[in-house]
Amino acid sequence: MKKIIFGIAFILFFSFMVITAINMRPFGEPTFSEMDDYFIKNAQVETGANNVVTSIVFDYRGFDTLGEATVLFTAVVGIVALFRRVSR
Amino acid sequence: MKQMSKIVRTITNLVYGFIIIFGFYVIVHGHLTPGGGFQGGAIVASAFALLLVSYGSLITKKFLKKDFLSIMESSGLTMFIVLAFLGLGITFFYNFLANIGGWFGNTPVIGPNPGDINTGGVIPLMNIAVGLEVLSALGVIVLLMASGAEFTKKKENS
């Protein structure tokens, strides 16, 4: 029974991999770059910052930075709770 | 933790101010040069770690208060979220200060140029908020770990 389930799962997984490999773009061609071209062309006009990387991190993908800052805050809260007897 | 030798302490006195100034430079110029809030905050926190290693935690704790750093961390994160909410007239995280003139709203020259510090809209403010949060968060972590090591050593010796 276990072997049959394992075999079916393996065949499904492998067929998905084969389908993906067939649908992939030809080897050596560049990836799709509409998004990059948009950022390079418009980021300086829209956000007014010279550093396009910072304008992506803090403006276009601000949610990502909010998550990172919250993760850091949670880590510090955990460490303060862990060392609460030591710190006084 | 005992303090290190006189050579190390002298070099620390020479160097740690420059490290802190460099960190704040990286934070404030985040919209013009490589770097930003996270990287500059990590640089300033490395200056705190240098102080802690060379002087020991007992002396460092006198002028690097844990409670003050912790309040600064919370206020940095709150400032970031408030800045994100202020653009809510259009969308969350909208850059409402860009290109309107004033302190942060100069229109930049398009193309490669050395840059103007008064551009970027809300991005420099967010860099400062995130920088404050990261530097005080890493400082709190380093301080608490050092005093924890002190505590453990005292318990083992007694």
Side-chain angles (χ1 to χ4, degrees), chain A residues 16-17 19-20 23-88, chain B residues 29-38 41 66-67 70 73-74 76-77 80-81 83-84 87 92-95 97-100 104-116 119-124 126-127 129-130 133-134 136-138 140-141 143-145 147-152:
Chain A
F16 269 113
M17 281 179 78
I19 290 170
T20 316
N23 283 337
M24 225 158 45
R25 63 181 185 282
F27 182 76
E29 289 195 0
T31 48
F32 306 116
S33 65
E34 289 97 13
M35 201 82 176
D36 316 347
D37 294 339
Y38 179 80
F39 282 142
I40 291 170
K41 200 176 283 177
N42 293 331
Q44 217 174 5
V45 180
E46 282 179 358
T47 66
N50 272 350
N51 192 346
V52 178
V53 175
T54 308
S55 71
I56 288 172
V57 165
F58 282 98
D59 196 318
Y60 293 112
R61 304 191 58 183
F63 263 115
D64 192 22
T65 311
L66 180 63
E68 283 177 40
T70 316
V71 164
L72 192 64
F73 183 78
T74 316
V76 172
V77 167
I79 285 178
V80 171
L82 181 65
F83 285 95
R84 63 193 180 279
R85 271 187 65 204
V86 179
S87 63
R88 61 188 58 191
Chain B
H29 285 238
H31 58 298
L32 301 178
T33 55
F38 287 99
K66 193 212 88 186
D67 294 338
S70 162
E73 188 209 352
S74 314
L77 187 59
F80 185 71
I81 295 174
L83 276 174
F92 199 52
F93 276 105
Y94 181 70
N95 198 341
L97 280 176
N99 300 326
I100 60 163
F104 297 105
N106 283 0
T107 311
V109 185
I110 306 301
N113 59 319
D116 179 8
T119 57
V122 96
I123 292 174
M126 278 183 174
N127 262 323
V130 169
E133 198 229 331
V134 171
S136 40
L138 296 182
V140 164
I141 289 176
L143 268 179
L144 280 179
M145 293 270 175
S147 52
E150 190 96 6
F151 185 78
T152 318

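Chain letters run A, B, ... following the sequence lines, proteins first and then strands; every chain starts at 1.
- A137(B) and E73(B) make their closest contact through CB-OE2, 3.8 Å (heavy atoms, listed as atom of the first residue, atom of the second, distance).
- For N113(B), the parts lying near chain A are the backbone and the side chain together; criterion is any non-hydrogen pair under 4.5 Å.
- Heavy-atom pairs under 4.5 Å with chain B were tallied for V57(A), V52(A), L72(A); the largest tally goes to L72(A).
- Between chain A and the residues G30(B), P124(B), G76(B), the most heavy-atom pairs under 4.5 angstrom are made by G30(B).
- Listed by chain and residue number, nothing satisfies the ring-ring contact (aromatic ring centres under 6.0 Å, His included) test with F151(B) (two or more places apart in sequence, or in another chain).
- Note: F80(B) and F58(A) have perpendicular aromatic rings, judged against thresholds of 30 and 60 degrees for the angle between ring planes.
- Listed options V122(B), V140(B), N127(B) were ranked by heavy-atom pairs under 4.5 angstrom with chain A; first place goes to N127(B).
- Neither the backbone nor the side chain of F104(B) comes within less than 4.5 Å of any heavy atom of chain A.
- Interface remark: V109(B) contributes backbone atoms only to the contact with chain A (heavy atom separation under 4.5 Å).
- In this structure, chain A has heavy atoms under 4.5 Å from both the backbone and the side chain of S74(B).
- The minimum heavy-atom distance between R25(A) and E29(A), with the atom names listed, is NE-O, 3.2 Å.
- Proximity to chain A is limited to the side chain of F38(B), based on heavy atoms less than 4.5 angstrom apart.
- Two residues are said to be in side-chain contact when any heavy atoms from C-beta on lie closer than 4.5 Å; S55(A) and I123(B) meet this criterion.
- Counting heavy atoms from C-beta outward, N50(A) and T119(B) have side chains that stay 4.5 Å or more apart.
- Only the side chain of L77(B) comes within contact range of chain A, judged by heavy atoms closer than 4.5 Å.
- Applying the side-chain hydrogen bond (donor to acceptor under 3.5 Å, both in side chains) rule to pairs touching residues 57-75 of chain A yields E46(A)-Y60(A), D59(A)-N95(B), sequence neighbours excluded.
- Residue A84(B): no heavy atom, backbone or side chain, is found under 4.5 Å from chain A.
- Contacts of V53(A) with chain B are absent, with no heavy-atom separation under 4.5 Å from either backbone or side chain.
- Within the 4.5 Å cutoff, the side chain of N99(B) has heavy atoms near those of the P108(B) side chain.
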